[in-house]
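Okay, so here's the structure we're looking at.
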Amino acid sequence: MKKTMYEKIWDSHLVVDEAGQAPLIYVDRHLMHEVTSPQAFEGLKLSGRKVRNPHSILATMDHCVPTKNRDLPIADPIAKKQIETMADNCRENGLNLYDMKNPNNGVIHVVVPEHGFVHPGMVVVCGDSHTATHGAFGALAFGIGTSEVEHVMATQTLPQKKSKTMQVVVNGSLSKYASAKDIALAITGKIGTAGGTGYVIEYTGSAIRELSMEGRMTLCNMAIEAGARAGLVAPDEKTYEYLKGREFAPAGDYWDQALAYWKSLTSDEGAEFDTTVVLEGADIAPQVSWGTSPEQVVGVDGVVPSPDSFADEGKRKACEGALAYMGLTANTKITDIPVDLVFIGSCTNGRIEDLESPQKWPKALKSLQV
């Protein structure tokens, strides 16, 4: 039987699938931060359980850490408590923690790839919705809730309903002004924020293959903005080159064995997806959000839409509300809207490549008084 990449990963991790119960899958990697872990550790203590596989967990402090004066005591009492609690829990359970003094400390979805902790074909979870980032490596990665964090720590498994499969094909090449984030927004604009609900998306096509690993991470990171459970990009030479030699990557003979397995993960020729969406890379202009939802986007060469342009009543009303909130007028050219403030986030586009991108930022930033 011909299988998609998602089906191959699912089948190889399925522990049990009994009628009337949610399937149980094995979890390879568990990523952890200080916000969604304290209650899970407390649950383990109350039930007298221990962490089953400490080596499967990589923890970092990233949600409540101060961005300056980090040598001073944390002023916020809740943040301070969360940081201290995580340090205690990791020490008591022998977990690998990148605390505030560790040079490896940083955003969980940035430091994990940088150290090669996630590999193709793995199932990866974290108490953070943007865990889908790691789908860039051909791993099935998704966010989980606190009770699920406890379940994974105790059993190394997770009850999980099998998803449907969606193939998003992006043909051709992007212009030099467009990026992975523009692909993600263009997709969400086309299928809507609920378009991926119940699906795992596999991104294919030449435009996807041309993306760097950082670009693929951005793309998969935003799969959840379209409602998908996870996003996937098949591993290739870029993936292998990125991973080779990193701290947690296989080495020696293990590298060759891993490589052979990773190459087998690609969706079989002729494998059937439940849904297929096709875009042309050349048609994807840099995307701008004019509204209050990730699906309310338009190319920078376009105009703010009019509520009357939407046939669906719900979307028409959403447009009216968004325009009122944003203070925009329908049919205004996007290029006529002044930019007052630029915020650079740390999750979707917080990697060095994003900040150094030479051809995309200078002209835009030159005119700004920041």
Side-chain angles (χ1 to χ4, degrees), residues 29-45 51 54 57-118 124-134 141 143-146 148-150 152-153 181 214 217-218 220-222 224-225 246-248 289 294 339-357 361 365 368-370:
R29 292 287 195 253
H30 187 179
L31 318 180
M32 189 176 290
H33 59 79
E34 71 274 16
V35 176
T36 55
S37 61
Q39 301 91 332
F41 279 111
E42 183 68 16
L44 286 184
K45 291 178 183 178
V51 175
I57 299 174
L58 182 61
T60 187
M61 297 172 175
D62 69 350
H63 279 60
C64 298
V65 298
T67 56
K68 60 182 180 179
N69 299 325
R70 295 178 70 169
D71 56 323
L72 300 177
I74 298 176
D76 185 274
I78 296 178
K80 183 174 183 291
K81 181 65 173 178
Q82 287 180 317
I83 291 293
E84 293 174 345
T85 299
M86 185 175 196
D88 292 340
N89 284 328
C90 288
R91 182 172 56 253
E92 291 172 7
N93 291 275
L95 305 184
N96 190 3
L97 170 66
Y98 294 161
D99 62 21
M100 287 172 53
K101 296 181 180 180
N102 192 305
N104 295 334
N105 177 254
V107 177
I108 187 72
H109 303 314
V110 175
V111 300
V112 164
E114 288 179 350
H115 290 274
F117 194 63
V118 169
V124 181
V125 299
C126 176
D128 189 300
S129 59
H130 286 99
T131 307
T133 297
H134 309 286
I144 57 177
T146 297
E148 293 174 309
V149 169
E150 179 183 349
V152 173
M153 285 199 292
K181 191 170 186 178
E214 289 80 2
M217 282 186 258
T218 292
C220 290
N221 176 291
M222 296 185 69
I224 63 164
E225 307 299 347
R246 294 186 186 267
E247 182 180 358
F248 295 103
S289 172
V339 177
D340 300 310
L341 183 68
V342 174
F343 176 82
I344 301 176
S346 61
C347 185
T348 304
N349 287 114
R351 301 173 188 85
I352 294 299
E353 179 190 88
D354 299 316
L355 304 180
E356 291 180 340
S357 185
W361 299 113
L365 296 178
L368 298 178
Q369 301 296 321
V370 181

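Since the structure is predicted, the reported quantities are computational estimates derived from the model, not experimental observations.
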State, to 0.1 Å, how close [X] and [Y] come at their nearest heavy-atom pair, and which atoms those are.
X: Asn221; Y: Ile224; result: O-CG1, 3.7 Å
X: Leu44; Y: Glu150; result: N-OE2, 3.7 Å
X: Arg29; Y: Phe117; result: NE-O, 2.6 Å
X: Thr131; Y: Val125; result: CG2-C, 4.1 Å
X: Thr85; Y: Pro38; result: CG2-CB, 4.1 Å
X: Glu34; Y: Asp62; result: OE1-N, 3.0 Å

Inset, instruction - Starting at CG of Leu31, measure out to OG of Ser37 and round the result to the nearest 0.5 Å. - result: 12.0 Å
Inset, instruction - Sorted by first residue and then second, give each side chain to side chain donor-acceptor pair (under 3.5 Å) pair with at least one member in residues 90-99; sequence neighbours left out. - result: Asp88-Arg91
Considering residues at least two apart in sequence or located in another chain, which fulfil the side-chain hydrogen bond (donor to acceptor under 3.5 Å, both in side chains) criterion with [X]?
X: Arg246; value: none
X: Gln39; value: none
X: Lys81; value: none

Side-chain contact, heavy-atom cut-off 4.5 Å: [X] with [Y]?
X: Pro66; Y: Ile74; result: yes
X: Leu97; Y: Met61; result: yes
X: Asp128; Y: Thr36; result: no
X: Val149; Y: His30; result: yes

Inset, instruction - Please answer whether the main-chain N or O of Met222 pairs with a side-chain N or O of Glu225 as donor and acceptor at a distance below 3.5 Å. - result: no
Inset, instruction - State whether the side chain of Asp76 and the backbone N or O of Ala79 hold a donor-acceptor pair below 3.5 Å, judged by distance alone. - result: yes
Inset, instruction - Among Thr133, Leu58, Thr60, find the one that has a side chain to side chain contact (heavy atoms under 4.5 Å, CB included) with Val112. - result: Leu58
Inset, instruction - State whether the number of non-hydrogen atoms from other residues, nucleotides or ligands found under 6.0 Å of Ile78 atom CD1 is greater than 12. - result: no
Inset, instruction - State whether the number of non-hydrogen atoms from other residues, nucleotides or ligands found under 6.0 Å of Lys80 atom NZ is greater than 12. - result: no
Inset, instruction - Under the side-chain contact (heavy atoms from CB on, under 4.5 Å) rule, what do Ile83 and Val65 come out as? Steps first, then yes or no, please. - result: CA-CA 8 Å; Ile83 291 293; Val65 298; 3.9 Å; yes
Legend entry - Sequence neighbours excluded - ring-ring contact (aromatic ring centres under 6.0 Å, His included) pairs with any residue from residues 57-84: His33-His63
Legend entry - All ring-ring contact (aromatic ring centres under 6.0 Å, His included) counterparts of His109, not counting sequence neighbours: His134
